Amino acid sequence: MFRFLLMVLLSITLSGCLDTTEFTNSNSKNYWISDSRAKKMHGKMVDAVNLLRVENALSEIVINESLNLAALTHSQDMYEQDRAWHFGSDGSSPLERVARFGFTGELIGENISETYESDELTLNAWMAQENTRSIILDKDANYMGLGWYQAEDGKIWWTQIFAE
């Protein structure tokens with residue numbers, strides 16, 4: 001009985017330490033991006049990608065603000081179109097979008113997703129597919145951009161861009 005009470009007390013205490021809005025909202029089981037997590041998202045993603053790249057004997061990449069803006073804009077546009085695809089509502093390609101935001105390097109590729117899952121689960125899904133994994137692990141990649149848009153229903157529209 002003492003063990004049971006200790007477990008209940010410990011569970012209640014630890015649950016108070018969590019920012020539950022980071023994981024769900026009040027009316028769904030969707031992953032929810034909190035303001036505090038959003039501030040850390042670019043750094044977390046670049047760290048996770050660099051870990052994968054180092055494990056594969058590749059150089060690390062750095063985040064690029066122009067690519068971030070292109071990715072954010074495309075994520076919002078995919079939401080407005082209600083479909084995940086590589087072309088903008090104005091017909092723009094990923095190459096045109098990165099140039100529009102002032103990036104002068106060479107585009108390697110773009111990964112996109114529409115999901116209710118976290119950034120970690122989305123990266124895992126991209127790594128599970130050969131075509132998206134090959135973009136993340138491209139030997140010539142030097143820069144990455146990341147953007148997302150979360151709709152009111154919790155769906156997240158992700159865009160990840162790699163370039164050299």
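A quick note: this is a predicted structure, and the numbers were derived from the prediction, not measured.
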According to ring pair (Phe, Tyr, Trp, His ring centres under 6.0 Å), does anything in residues 38-67 pair up with another residue at least two apart or in another chain? List the pairs. His42-Trp148

Is Asp119 salt-bridged to Arg37, cutoff N-O under 4.0 Å? yes

Could you tell me whether the side chains of Thr159 and Ser75 share a donor-acceptor contact shorter than 3.5 Å? yes

Within the structure provided, determine whether Leu123 and Glu120 are in side-chain contact (heavy-atom separation under 4.5 Å). no

Report yes if the side chains of Arg100 and Asp90 come closer than 4.5 Å at any heavy-atom pair, otherwise no. yes

Side chains of Gln160 and Trp126: closer than 4.5 Å at any heavy-atom pair? yes

Any heavy-atom pair between the side chains of Asp138 and Phe162 that's under 4.5 Å? no

Beyond-backbone contact of Thr122 with Asn111, side-chain heavy atoms, under 4.5 angstrom: no

Taking Asn50 for its side chain and Ile61 for its backbone only, find out whether a donor-acceptor pair lies under 3.5 Å. yes

OG on Ser89 to CE on Met78, rounded to 0.5 Å: 11.5 Å

Are the side chains of Val62 and Val46 in touch, meaning some heavy atoms are under 4.5 Å apart? no

Answer with yes or no whether the side chains of Ser113 and Thr115 bring together a donor and an acceptor at under 3.5 Å. no

Donor-acceptor pair, side chain of Asn68 and main chain of Leu146, under 3.5 angstrom: yes

Taking atom types as modelled, is there a side-chain donor on Gln81 or Asp77 under 3.5 Å from an acceptor on the other? yes

Distance from Lys155 atom NZ to Tyr116 atom OH, nearest 0.5 Å? 4.5 Å

N-O pairing of Glu110 and Arg97 below 4.0 Å: yes

Thinking salt bridges, do Glu60 and Arg53 make one under a 4.0 Å N-O criterion? no

Heavy-atom side-chain contact between Ile136 and Val49 under 4.5 Å: yes

Validation row: Phe101, Thr73 side chains within 4.5 angstrom (heavy atoms): yes

